[in-house]
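Contents: one structure, followed by commentary.
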Amino acid sequence: MSRVWPLPVRGEPFQRADADSIRRMEAIGAATACAKLHSMGVTRTAVQGPTALETGSRVVGSALTLQFMPQREDVASGLGQEYVERDTALWAVLETVQPGDVLVVQAWGSNFTGCFGDMLVRYFKRRGGAGIVVDGRIRDAARVRELGVPIWCTGTTPHYASQTDLFPWAYDVPVAAGGVLCLPGDVVVADDDGAVIVPAGKAQELIQDAEDHEDWESFSRMRLEQGARLSDYYPLSPNSRAEYEQWRDNQAKLPAR
């Protein structure tokens, strides 16, 4: 596209998260994932800015990445709208979408960049994409909502993707979304609390720790509803931990329904 710098830029091949990890992580909320990663020493995982376009949205999937960069007229600009954009990383990344992918987009929190609209989200869905987390805005909001694709964004705008200050630059590269580093193949957990990036190398450790956490929180909720004291059951004390483990063992012995 550009004689100054060849576009679009594509990163190195990467490995997606395995299906079993994704399946097991579906029971883990964004808040639990964020807290557990923090205790594991990974402290910047919560994507700041984007919120769920539709309340109640949830997605877990392997990260596919897209990077917008500032426009510079001698390299790339938005003149020509879709006729220029269709030769960019924005169109190219959609051709690589696999079922279950979550597209994570670096858009610098721009209020003037409609990174995705009806047609692109429609194509993303047709290819099996699971959700989109974009550190920027979308357009065609009414039609996009009708498609039912879970999306986290900073809002809506009438602008198309390269209309003002940014240009689709690269895909399959590391991106910064809401101040958080996301590498291709990381795991995305997003719900009403926001989006969390789980480093691929930490996924198994997180799953093992979080599954126990989710179980004992279920036990604690039950005991609080029964009138127990908060300080005894959240978090678990040594005594209530022993009680929980007995409850968990008894649950495991119950016949499957």
Side-chain angles (χ1 to χ4, degrees), residues 17 22 25-38 42-68 90 93-94 97 100-125 129-161 163-166 168 174-184 186-199 206 210 214 217:
I22 297 299
M25 208 170 290
E26 287 176 349
I28 300 171
T32 296
C34 184
K36 291 301 178 182
L37 287 167
H38 192 278
V42 185
T43 60
R44 298 186 67 177
T45 61
V47 178
Q48 299 300 302
T51 58
L53 184 65
E54 287 286 290
T55 301
S57 295
R58 174 169 172 79
V59 74
V60 177
S62 189
L64 187 65
T65 62
L66 171 66
Q67 179 196 65
F68 280 73
L90 179 54
V93 73
L94 293 176
V97 173
D101 282 348
V102 176
L103 184 55
V104 179
V105 185
Q106 174 179 322
W108 307 86
S110 172
N111 294 329
F112 309 105
T113 300
C115 300
F116 293 91
D118 169 35
M119 295 298 186
L120 300 190
V121 176
R122 192 175 297 272
Y123 192 66
F124 176 80
K125 179 180 180 179
I132 299 171
V133 176
V134 52
D135 183 21
R137 303 205 168 200
I138 67 159
R139 63 187 294 208
D140 303 330
R143 285 197 176 99
V144 168
R145 285 189 175 97
E146 290 175 358
L147 291 171
V149 175
I151 294 177
W152 285 256
C153 61
T154 60
T156 61
T157 177
H159 292 149
Y160 59 85
Q163 187 169 343
T164 56
D165 54 344
L166 300 180
V175 296
V180 174
L181 174 66
C182 180
L183 304 180
D186 284 343
V187 179
V188 181
V189 179
D191 55 27
D192 281 341
D193 288 333
V196 171
I197 306 300
V198 179
L206 170 65
E214 294 285 349
E217 278 202 344

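What you see below is based on every heavy atom in this structure, not just the backbone, and it leaves out hydrogens, waters and symmetry mates.
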State, yes or no, whether a side-chain contact exists between C153 and L53 at a heavy-atom distance under 4.5 Å.
yes

To the closest 0.5 Å, what do you measure between NZ (K36) and OG1 (T45)?
13.5 Å

Would you say the side chain of R122 lies within less than 4.5 Å of the side chain of L147, judging by non-hydrogen atoms?
yes

Donor on one side chain, acceptor on other, T55 and D192, under 3.5 Å:
no

Which value, rounded to the nearest 0.5 Å, describes the distance between D186 atom CG and L64 atom CG?
12.0 Å

Atom CE of M25 and atom CG of L206: how far apart are they, to the nearest 0.5 Å?
5.0 Å

How long is the gap from CG on L90 to CG on L66, to the nearest 0.5 Å?
6.0 Å

Walk me through it: do T113 and D165 pass the test side-chain hydrogen bond (donor to acceptor under 3.5 Å, both in side chains)?
CA-CA 7 Å; T113 300; D165 54 344; 3.1 Å; yes

Whether the side chain of W152 engages the backbone of D191 through a donor-acceptor N/O pair (distance < 3.5 Å, no angle test) should be reported.
yes

Hey, are the side chains of V105 and F68 touching, using non-hydrogen atoms and a 4.5 Å cut-off?
yes

Just wondering, do C115 and L120 contact through their side chains at under 4.5 Å, heavy atoms?
no

Restricting to non-hydrogen atoms, name the atom on A33 and the atom on V196 that form the minimum distance, rounded to 0.1 Å.
CB-CG1, 4.2 Å

Can you measure from NE2 (H159) to OG1 (T156) and round to the nearest 0.5 angstrom?
11.5 Å

Going through the checks in order, is the side chain to side chain contact (heavy atoms under 4.5 Å, CB included) test met by F116 and V144?
CA-CA 9 Å; F116 293 91; V144 168; over 6 Å; no

Assess whether side chain to side chain contact (heavy atoms under 4.5 Å, CB included) is satisfied between V60 and V187, documenting all intermediate values.
CA-CA 7 Å; V60 177; V187 179; 4.1 Å; yes

Enter the distance from R44:CZ to I197:CD1 here, rounded to the nearest 0.5 Å.
13.0 Å

Which atom of I28 lies closest to which atom of A210, heavy atoms considered
CD1-CB, 3.5 Å

Tell me if a side-chain donor or acceptor on R143 pairs with a main-chain N or O of G117 at a distance below 3.5 Å.
no

Which is it for L103 and D101 under the side chain to side chain contact (heavy atoms under 4.5 Å, CB included) test, yes or no, and what are the steps along the way?
CA-CA 6 Å; L103 184 55; D101 282 348; over 6 Å; no

Could you tell me whether the side chain of R139 reaches within less than 4.5 Å of the side chain of Y160, counting heavy atoms only?
yes

